[in-house]
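Presented below is the structure to which this report refers.
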Amino acid sequence: MKNTMKLLLVGAAVLSAAVFSAHAEDKPKAEVMTSWTSGGEAAALDVIKQEFEKRGGVWKDSSIAGFGAADAAFQNRLVAGDPPAAKQTVLGLANADFVNQGLLTPIDGIAKAGKWADALPKSIADLISYKGQVYLAPTGAHGESWVFYSKETFAKAGVSEEPKSWDEFFTALDKLKAAGVLPVAWGGQSWQESKVFNMILLTQVGIDGFLKIYVDKDKGEASTEGVKKTLDILGKLRGYVDEGAAGRNWNDATAMVITGKAGVQFMGDWAKGEFVAAGKVLGKDYGCMLAPQSPGMVYVADSFSFPKIADAASQKGQTLLAEVAMDPVVQIEFSLKKGSVPMRTDVDKSKLDICAQKGLELMAAGKIVPDQALILSPQQAGALNDFVDEFWSSPSEDSASGAKKFFAIFE
Amino acid sequence: MQAKRKRSLAATIALLPTWIAAIFVYIGTMVWSVRLSFTDSTIFPSSNYVGFAQYVRLFRNSRWLASLENVLIFGLLYVAGCLALGFVLAAALDRKVRFESVFRTIFLYPYAMSFVVTGLIWQWMLNPTLGIQATVRAFGWQGFVFDWIVNRDMAIYTVVFAGVWQGAGLVMVIALSGMRGISEEQWKAAQIDGIPVWRIYLSIILPQLGPALAASGMLLSMGVIKTYDLIVAQTGGGPGYSTEVPAKFIMDNLFERQNLGLASAGATVLVLSVVMAVAPFRYALAMRARRRGAH
């Protein structure tokens, strides 16, 4: 059955190739499918697009708002035998299925020619390879455990320096509340809430403890205790958000910090892209800190994957896009717009802001833990989102029974 | 005789494409989905059969159970609410009010909007910091609370509001056309007898509208099963999964969670529940037809 399916797919691909080759031009072309649609994200994608076009490529944008929506559209096109030339994807287990089904083109040759292995941190080089071959072209890494704060509101509330511990943090939130500022701009979607959960968990169990829980699925006493403490802190945060938070988009929450309506936001460093797009200056208008007591940083990494495609011009386009994405200058420019950290370690760091520099330092020192997309199956990652959202929206739930439900995710 | 056979052959050939489409497209895909629900398919279909494991997983999943409960609450209230409000609106317009066509357009207008738009509008109106609550507070009533959409126990009812707001217009139009078909004589006779207007509607008009209301009820019920876009736009299934519905559960598992097997099991359960709801109804109709035939 699987073989007939494949045969059909190949047949369809060959057929469409035969139709299109009549019009095929020599120029490499690429239809690029991403979910990068917010201001900062779109500006970052434009960096890649412009370089791609400068080198003679023909670019076709197929961006779709919403990660899930873009994924669904991509899977439909793939199964229908009409994939785009490239798809933005997060490094991690979700790609393994595509590779195993033989639907992606390896780009090992390009990676070898460009000496990617020397330029990338080892963990990333491992993550873009499946079965010993490189399949993904990384664009940038994101630190996910950041807290962004509005300097204006901090000054108004009399908070003079960044809180170093959770106790100090909650004192600062109380001061913000007293000053009539909404303390926390909360993004009320489950994926955002599970990011907050993870960043608190990292502060409570440390890097080794974090990996023990997510990689080894350990539910020993120390792990359980850590999850309980995490849920306590998470639960305490409920008192500092507004009523309208349910379902709020992350960039809407960022806008609340930008306009001084709210004090802090827990978010990945892509939020910086929104600050930049709004003309705000880091260190003057807003600040960034890791979640209090963080021993490291939670990270997630974006890349392009390249579906097997029969059209010769698109194949050339795939090669060109992979080269452009890994170009040192593009990596820097892209990161500045998107708020991410370049994947290459051999780039000119001086152009990066202090947050990105700190992120790069942590990455180089190995003080990073992967996001759930990298270590959990999509099914488990989804169950984690469900769990955190359920806990967040039921204030009556105690942390002990919450912890029990948390460990049930891995069963 | 021969001519007749020839004609039926021609008819058969003409209908063949439809038959093929019906068998392969409708029944074929249904069988395919049921088959998948017995496999361990993740992102792509697999042929590794696992028996009822996906169903066991499904009914152990608290999110799925919540979605069944929600669709039941939503379905009952939505259909009942649309029928009741639609009937009342139709009765009001039936009294030959001025500007009837203007009102009719206004009431029917929501039905012309997609559920996505409906969901977004209601999301904004019900959001405590933007909508109704904030507006009333701005007028000076500081203690006013209307935060159902962020309240786990009440959120599903806000979806009912939006649904009824959208669907009542359709019932109104169908009921109104039914009322127009009722002869003036009955009205006159009832008025001579001195029966109050509300009583006329309840005891004389309503029973005669049975078929029209049953048809609208059927249309609305079909909408309930596939309710997806309204939820996504209005609440996203939240807070928690207090407004999750089966169709959204299935879509999430099909794409985001790469879980074809579980999603197919959910879809199969949904089809079965529809069949179970429709079967007694069909049976009753068939029995009635047979009884009539016996006379």
Side-chain angles (χ1 to χ4, degrees), chain A residues 1-3 5-6 9 66-76 78-79 93-98 100-103 182 188-191 193 241-249 256 261 376-383 385-397 405 408 411, chain B residues 32 35-36 39 41-48 57 60-64 66 119-120 123-124 126-131 133-134 145-153 155 158 231-244 249 251-263:
Chain A
M1 204 70 219
K2 207 193 281 170
N3 283 331
M5 185 88 171
K6 246 185 227 164
L9 286 180
F67 200 78
D71 267 6
F74 175 64
Q75 284 165 35
N76 277 335
L78 201 59
V79 171
L93 287 175
N95 299 299
D97 260 340
F98 292 115
N100 290 336
Q101 295 277 334
L103 291 165
L182 174 69
Q189 291 161 337
S190 59
W191 68 271
E193 289 160 354
V241 308
D242 63 319
E243 283 183 297
R248 182 181 288 140
N249 286 318
M256 293 167 75
K261 281 197 191 105
L376 297 183
S377 70
Q379 181 62 29
Q380 289 171 333
N385 287 352
D386 282 353
F387 158 74
V388 180
D389 197 26
E390 267 297 281
F391 180 83
W392 174 261
S393 60
S394 8
S396 55
E397 174 130 39
K405 285 187 192 157
E411 282 162 10
Chain B
W32 176 256
R35 192 192 80 94
L36 283 182
T39 67
S41 308
T42 52
I43 188 169
F44 293 106
S46 95
S47 319
N48 190 12
R57 250 175 88 195
R60 274 200 192 139
N61 190 319
S62 54
R63 185 169 157 174
W64 170 254
L120 281 175
Q123 186 203 328
W124 291 329
L126 295 169
N127 185 313
T129 50
L130 293 174
Q133 177 178 312
V145 176
F146 184 57
D147 60 352
W148 283 18
I149 200 167
V150 295
N151 182 331
R152 290 176 63 86
D153 301 324
T158 66
I231 301 285
V232 170
Q234 194 181 329
T235 62
Y241 33 74
S242 56
T243 55
E244 178 77 4
F249 179 93
M251 290 298 277
D252 281 359
N253 276 287
L254 269 182
F255 295 109
E256 234 166 275
R257 308 206 172 165
Q258 307 187 346
N259 210 331
L260 218 46
L262 191 68

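Convention: sequence-line order gives letters A, B, ...; per-chain numbering from 1. As the structure is a computational prediction, the values presented were derived from the model and not from experiment.
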Check your understanding: From Glu243(A) CD over to Asn151(B) CG, what is the distance, rounded to the nearest 0.5 angstrom?
Key ->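 It is 10.0 Å, given to the nearest 0.5 Å.
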Exercise for review: Look up atom OG1 in Thr129(B) and atom CE in Met256(A), then write down how far apart they are to the nearest 0.5 Å.
Suggested key: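 Rounded to the nearest 0.5 Å, the OG1-CE separation comes to 7.0 Å.
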Check your understanding: Based on non-hydrogen pairs under 4.5 Å, which of Gln258(B), Arg152(B), Gln133(B) is most in contact with chain A?
Key -> Arg152(B)
Review point. If you count heavy-atom pairs under 4.5 Å with chain A, which of Asp252(B), Asn259(B), Leu262(B) comes out on top?
Key: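 Among the listed options, the one with the most contacts to chain A is Asn259(B).
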Revision key, fill the gap. Here the pair of heavy atoms bringing Gly244(A) nearest to Pro128(B) is CA-CD, 4.2 Å
Point to revise | Closest approach of Asn253(B) to Gln379(A) (non-hydrogen atoms, all atoms of both residues) | key: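 Scanning both residues, the minimum pair turns out to be OD1-OE1, 3.5 Å.
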Practice item. Report the option among Phe391(A), Trp392(A), Phe98(A) that has the most heavy-atom pairs separated by less than 4.5 Å from atoms of chain B. Key: Phe98(A)
Revision key, fill the gap. Pair count under 4.5 Å, heavy atoms only, with chain B: among Ser190(A), Ala245(A), Gly382(A), Ala246(A), highest is Gly382(A)
Answer with side chain, backbone, both or neither: which region of [X] has an atom nearer than 4.5 Å to a non-hydrogen atom of chain B?
X         : result
Gln75(A)  : side chain
Ser377(A) : neither
Asp242(A) : side chain

Exercise for review: Please determine if Arg257(B) and Asp386(A) form a salt bridge, counting it only when a charged side-chain N lies under 4.0 Å from a carboxylate O.
Suggested key: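 Here Arg257(B) pairs with Asp386(A) in a salt bridge, since their nearest N and O are under 4.0 Å apart.
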Exercise for review: Look only at the side chain of Glu390(A) and the backbone of Tyr241(B), and say whether a donor-acceptor pair between them is shorter than 3.5 Å.
Suggested key: yes
**Study point:** Region of Arg60(B) in contact with chain A, defined by heavy-atom distances below 4.5 Å
**Key:**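 When you check distances to chain A, no heavy atom of Arg60(B) falls under 4.5 Å.
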